Amino acid sequence: MLKMSQSKRNNQDDMNNLNINLKGVLNGDKLGDTEINIPFADEDTPQVKHKTQNAINNSNESISSIDSDTRAQTYQRSISARKGANLRIQIENASSSDDEIDKKSLELEKRDKPGPLISDLVKSVTEAPAMGLRRNSFSMPALNDVDLDALRNLHMQAVDDENDDTDDFDPMKSKETLSEIHVLDDGASMVCSIAEPESEKETKKTDDSDSDSDHPMVSRSKFRTKRRGSIAPLPAIRLNDKEIMANAEYDDQSMISAAPSITSVSSLASLLKEKMQGIPSMLRKRKKPKDYKIRIFTALLFLTIIFLVGYAYVMYNHKVTSKMYFEHIKFNSGQRLLYVSDTNGSNVLSGSLGTTIHIPKAYKCRDIVTNEKEHVCWEWSKMAKLHIILDKKFRGNTLPKEYPTARCYNFRWESLNENFHPTDCFKIGSDLGQWYGGGVTKNAEWLLERNAFNFTPFITGDVRHNEWGNALNRYFINSLGIAIEVDEKTPLHISINPTNNSQLCIKSEYDDFAYTNHPTQLPVLEYRICTANDMKILHHNLTQKHLWDGLKQQEIDLIKAIFDEPVWEVSGNLSDVSISNFTDSIIALGYFRLGHVLLSEQWQRYVGDFEVDEERFTALDDIINVLHRRGFRISLTIQPFVSTESKTFAELVQKKLLIYERSTDQTIPALTKFKSSRSDGVLDITNNETIPWLLNKLEIVKKKYQIDSFYLEFGNAYDMPKFYDSSQALLNPDQYKSIFMNNITSSLTLLGVSGAISVPRPPAFLSLPQVNSTWHGLKTVLTSIINYGIIGYPFVMPNAVGGDFIVEQNGSNLPELELYIRWLQLATFLPVLRFKYLPSDYKNENLTEIAKDLALIRQKTVKQVYEKYLNDAMNEGLPLVRPLWMLDPSDAACMSVVDEFSVGEQIIVAPIIEKGVTTREVYLPEGVWKDGIDGSLRKGSRWIHNYRVMENQIAYFVKMPDNTRF
């Protein structure tokens with residue numbers, strides 16, 4: 001105990017002496033004249049102390065020989081950085097001076113001689129910037145080339161001295177290692193933390209047993225003594241503000257225990273020497289920066305190869321495994337993928353059939369013997385059958401030689417399971433051609449791919465509330481020369497882009513309203529796909545022909561009269577006075593031909609009376625006689641609805657001539673509402689006694705009042721009672737319209753019909769869906785009349801100029817003036833000019849002049865063109881108002897133009913359909929065209945940009961012979 005106390009007191013005295021000496025250094029005392037004595041747990045021998053003192057003296061002498069100017073600058077920088085701060089050096093007492101120190105560690109410690117850099121090291125410590133030194137770090141002055149050469153010389157002297165005492169030291173290796181050190185110096189200080197050299201390998205044992213006993217072979221650790229273990233390496237070295245991380249193998253040693261450490265000048269010098277020797281190996285071990293670009297490129301290349309291989313595999317299964325049928329049909333029965341090609345072998349249609357089938361394996365139909373050249377059949381067990389049949393009979397109708405026939409294939413799905421609803425989907429999109437047809441949609445888009453809605457029954461409706469308009473045809477045609485026609489018996493549902501998936505899907509499914517009657521026990525999906533060389537040829541083949549069959553001369557004359565004379569619609573509260581005043585205003589205009597006066601259904605007291613209300617019309621017969629003498633024609637609106645307040649309702653119930661509620665055994669009439677009437681029955685036109693009863697009623701009115709024609713207003717499919725039940729089952733509510741028209745057109749002359757699913761017998765014109773008096777309504781007129789022409793309705797009657805329903809603005813009951821003018825300009829070039837609001841109602845001189853000019857254009861130009869192309873409509877079913885692609889189906893620009901149309905092939909019309917616009921883009925198809933505004937000649941197949949159209953003008957161009965020149 002006494003020895004231990006004595007040892008602690010000695011250590012404390014030594015520490016006090018060390019603090020005094022360090023203070024002297026900080027005060028500028030000369031280092032070489034004072035011996036700094038720092039105690040260590042493993043105290044150095046006197047010999048080591050002597051060598052350390054010699055190294056310090058040698059270092060001082062060498063440093064004094066360095067260029068004085070350079071050393072003065074370095075010293076001045078160090079002094080400046082030191083001012084204003086105190087150097088804090090914490091030295092902790094050694095934990096123990098136990099006499100049982102490991103002899104092996106002492107033996108290794110004796111080999112570590114103090115390096116020649118101790119003087120410069122101590123000086124750098126004293127001249128370091130005034131900041132608190134932390135463990136494992138110290139600051140060195142910056143070294144230039146002269147300093148580095150001096151350090152190298154001093155180090156070589158130390159190596160020579162050590163070589164005298166140490167046999168296993170290789171000075172050449174040390175010199176070579178030192179020569180590889182490159183220190184960059186920009187005048188700034190360096191903060192050094194150099195990793196330990198790698199551990200020396202274990203020394204091989206020799207045969208000399210004495211040597212083994214005196215110097216046992218042990219492996220040298222990174223820190224070979226307890227004294228050295230108390231000094232941890234610094235984490236990094238910074239050269240000219242560039243940090244180089246030390247080798248990672250020293251990280252563990254940098255987290256050395258926090259036990260009290262003992263520091264000496266000798267150990268610092270030895271550590272510095274080893275650190276400098278380890279710099280080359282540390283630099284060699286620096287990992288080169290990874291080339292991420294090459295790695296990313298390699299990864300992308302690998303992924304691309306994987307994708308291409310997978311894509312090739314999928315395409316192989318989709319196409320290579322598909323089998324060709326009928327030369328142009330390729331079908332994969334396993335995945336039910338269909339590819340249709342044209343006569344040139346180009347793929348024009350692709351789709352996925354039977355999308356709701358989850359059975360991968362298909363079998364040939366066993367109960368049907370087929371010839372694969374004409375008929376193929378597959379069956380999915382207990383799910384469905386698919387027939388694909390080459391339509392041998394359909395080669396297109398007989399046409400001139402310039403119109404080759406089309407080629408058609410019939411597809412028929414037969415459900416074998418009540419839970420299976422046949423569904424086929426076809427790809428659509430701008431890169432797959434443009435699709436037209438079906439009918440007018442809610443968004444008034446005549447390109448089908450621009451619509452988006454989920455499966456909905458394909459029945460007529462109100463475009464303000466339903467997806468489809470008042471006239472439909474199960475006919476869809478593509479600009480690539482392919483068309484799809486769905487059979488009328490199919491309970492058809494259609495979806496277009498429901499999730500922006502670019503698909504047109506058709507489905508067969510029964511429901512409780514649209515397709516409540518089942519012609520087959522389970523739903524059947526039947527349609528045909530037809531192809532031709534181009535869209536125009538295909539359309540000519542598929543439209544209804546020979547509309548003139550069965551017509552009389554007076555019916556042809558009526559069609560021409562409609563081209564020439566406007567239709568004047570009288571609505572509101574009808575009376576003798578209102579009719580007289582309205583017709584007087586028409587006569588007063590003086591610039592329009594007198595035409596057809598159309599009276600709304602209010603000529604009856606109640607809807608369904610089919611008798612004139614003599615309380616309001618006391619002299620209607622006399623008024624009509626006067627109108628006839630003036631040149632007017634009279635037309636009455638009729639409908640299949642009968643108000644419950646009408647005196648005929650009880651009669652019809654008694655005779656059972658109304659549609660009844662389902663499952664009531666024809667005891668309760670099915671009621672609905674129509675327009676202003678809230679409770680109406682519906683005539684059962686499938687009853688053989690209903691049509692004769694109706695014709696008898698109308699014939700009495702016709703003879704008494706000299707009525708020229710009738711306008712048949714059906715409403716739409718949703719106007720039928722929800723649970724309707726007729727004497728004969730209807731395929732869908734729209735079939736009612738076709739039966740009605742077919743039964744009365746042979747006995748009555750129809751001016752027009754409000755809706756249809758098949759072409760009305762001429763001279764009846766199909767009316768466009770009713771629209772509001774807005775700019776959107778004006779756009780709907782344009783898209784609707786073009787669309788109806790495409791799906792096979794050549795004779796179309798547009799809406800009244802200004803719209804059917806007024807959107808009141810500023811308390812006015814008239815359409816907006818600018819809207820009315822642009823509407824009138826468009827209507828001038830349509831087949832029928834229809835008025836509900838007269839130009840004179842505005843009392844505007846500018847409007848009056850515009851109306852006069854337009855009336856003149858219609859009489860001199862438009863009427864003759866319609867009469868010219870009437871034969872084409874009658875013979876070939878071609879529309880009178882046509883999209884531009886019918887003029888040139890090979891012109892891609894004609895496919896994209898949606899706000900222009902042609903009258904026959906003679907007039908191009910480019911109306912203004914937006915508010916406040918006076919310029920627009922105009923495209924002219926191939927040929928020579930005469931400008932209708934300024935009379936100039938225009939070359940076709942090009943755009944006219946920023947074409948100016950003032951408010952009193954409409955852009956139209958008349959086709960001229962190709963050799964026309966002024």
Side-chain angles (χ1 to χ4, degrees), residues 552-640 643 646-648 675 694-713 744-745 747-754 763-765 767 797 800-801 832-838 840-841:
K552 301 175 183 178
Q553 182 60 45
Q554 57 264 34
E555 292 173 330
I556 299 295
D557 294 340
L558 179 58
I559 295 175
K560 294 181 180 180
I562 294 175
F563 292 154
D564 184 29
E565 303 167 351
V567 173
W568 310 95
E569 183 178 346
V570 185
S571 59
N573 295 322
L574 294 182
S575 65
D576 294 336
V577 176
S578 63
I579 295 175
S580 297
N581 292 338
F582 188 76
T583 54
D584 289 343
S585 299
I586 296 172
I587 296 172
L589 292 175
Y591 43 82
F592 283 118
R593 299 290 297 269
L594 303 180
H596 307 267
V597 177
L598 175 61
L599 303 181
S600 67
E601 70 279 358
Q602 293 185 7
W603 60 272
Q604 311 162 94
R605 183 176 183 182
Y606 298 105
V607 172
D609 283 345
F610 301 110
E611 294 179 356
V612 175
D613 184 5
E614 295 182 353
E615 293 183 3
R616 286 185 295 134
F617 300 96
T618 58
L620 182 60
D621 52 348
D622 295 333
I623 293 175
I624 292 177
N625 288 331
V626 172
L627 295 178
H628 279 156
R629 289 195 301 267
R630 291 180 175 180
F632 288 102
R633 301 170 190 260
I634 307 302
S635 181
L636 298 181
T637 300
I638 59 175
Q639 64 291 313
S643 173
S646 172
K647 61 183 180 181
T648 59
K675 290 190 174 181
L694 176 62
L695 290 176
N696 181 57
K697 285 281 189 178
L698 296 178
E699 189 65 28
I700 294 174
V701 175
K702 177 182 177 181
K703 289 181 178 181
K704 182 177 180 180
Y705 296 96
Q706 298 299 309
I707 304 301
D708 298 289
S709 61
F710 293 90
Y711 178 84
L712 185 55
E713 187 166 12
I744 68 172
T745 52
S747 302
L748 294 177
T749 300
L750 294 180
L751 176 69
V753 295
S754 64
F765 279 68
S767 291
M797 180 185 298
V801 175
V832 181
L833 187 57
R834 184 174 175 180
F835 286 98
K836 189 175 183 178
Y837 312 99
L838 302 180
S840 57
D841 293 340

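Model, not experiment: these values are computed from the prediction. Numbering starts at 1 and runs along the sequence shown.
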**OP:** Please determine which of Arg633, Arg834, Lys560 meets the salt bridge (charged side-chain N to carboxylate O under 4.0 Å, His left out) test together with Glu565.
**Re:**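 Exactly one option meets the salt bridge (charged side-chain N to carboxylate O under 4.0 Å, His left out) with Glu565, and it is Arg633.
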Side chain to side chain, [X] and [Y], heavy atoms closer than 4.5 Å:
X: Trp603; Y: Ile638; answer: yes
X: Ser646; Y: Val607; answer: no
X: Phe710; Y: Ile744; answer: no
X: Leu594; Y: Thr583; answer: no
X: Leu574; Y: Arg616; answer: yes

Original post:
Is Asp841 paired with Lys836 through a side-chain N to carboxylate O contact shorter than 4.0 Å?
Top reply: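 The answer is no: the pair does not qualify as a salt bridge.
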**OP:** Under the side-chain hydrogen bond (donor to acceptor under 3.5 Å, both in side chains) rule, what do Thr618 and Asp576 come out as? Steps first, then yes or no, please.
**Re:** CA-CA 7 Å; Thr618 58; Asp576 294 336; 3.2 Å; yes
Subject >> Working for side-chain hydrogen bond (donor to acceptor under 3.5 Å, both in side chains), residues His628 and Asp708 >> reply: CA-CA 10 Å; His628 279 156; Asp708 298 289; 2.9 Å; yes
**OP:** Please check if atom CG in Asn573 has more than 12 non-hydrogen atoms from other residues, nucleotides or ligands closer than 6.0 Å.
**Re:**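 Not buried by this count: 12 neighbours or fewer within 6.0 Å.
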Subject >> Ser635 side chain to Ser709 backbone, donor-acceptor under 3.5 Å >> reply: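 Yes, Ser635 side chain to Ser709 backbone: donor-acceptor pair under 3.5 Å.
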**OP:** Kindly say whether Gln604 contributes a backbone atom to a donor-acceptor pair with the side chain of Asp609 at under 3.5 angstrom?
**Re:**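 No.
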Subject >> Intermediate values then yes/no, ring-ring contact (aromatic ring centres under 6.0 Å, His included), Phe592 and Phe835 >> reply: CA-CA 11 Å; Phe592 283 118; Phe835 286 98; 5.1 Å; yes
**OP:** For Lys704 and Val612, run side-chain contact (heavy atoms from CB on, under 4.5 Å): C-alpha distance rounded to whole Å, both residues' side-chain angles, the deciding distance at 0.1 Å, then the answer.
**Re:** CA-CA 10 Å; Lys704 182 177 180 180; Val612 175; over 6 Å; no
Original post:
Which atom pair, heavy atoms only, marks the closest approach of Arg593 to Pro566?
Top reply: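 Taking Arg593 first and Pro566 second, the nearest heavy atoms are O-CD, 3.1 Å.
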**OP:** Could you tell me how the ring of Trp568 sits relative to the ring of Phe582: parallel (under 30°), tilted (30 to 60°) or perpendicular (over 60°)?
**Re:**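 Answer is perpendicular, since the angle exceeds 60°.
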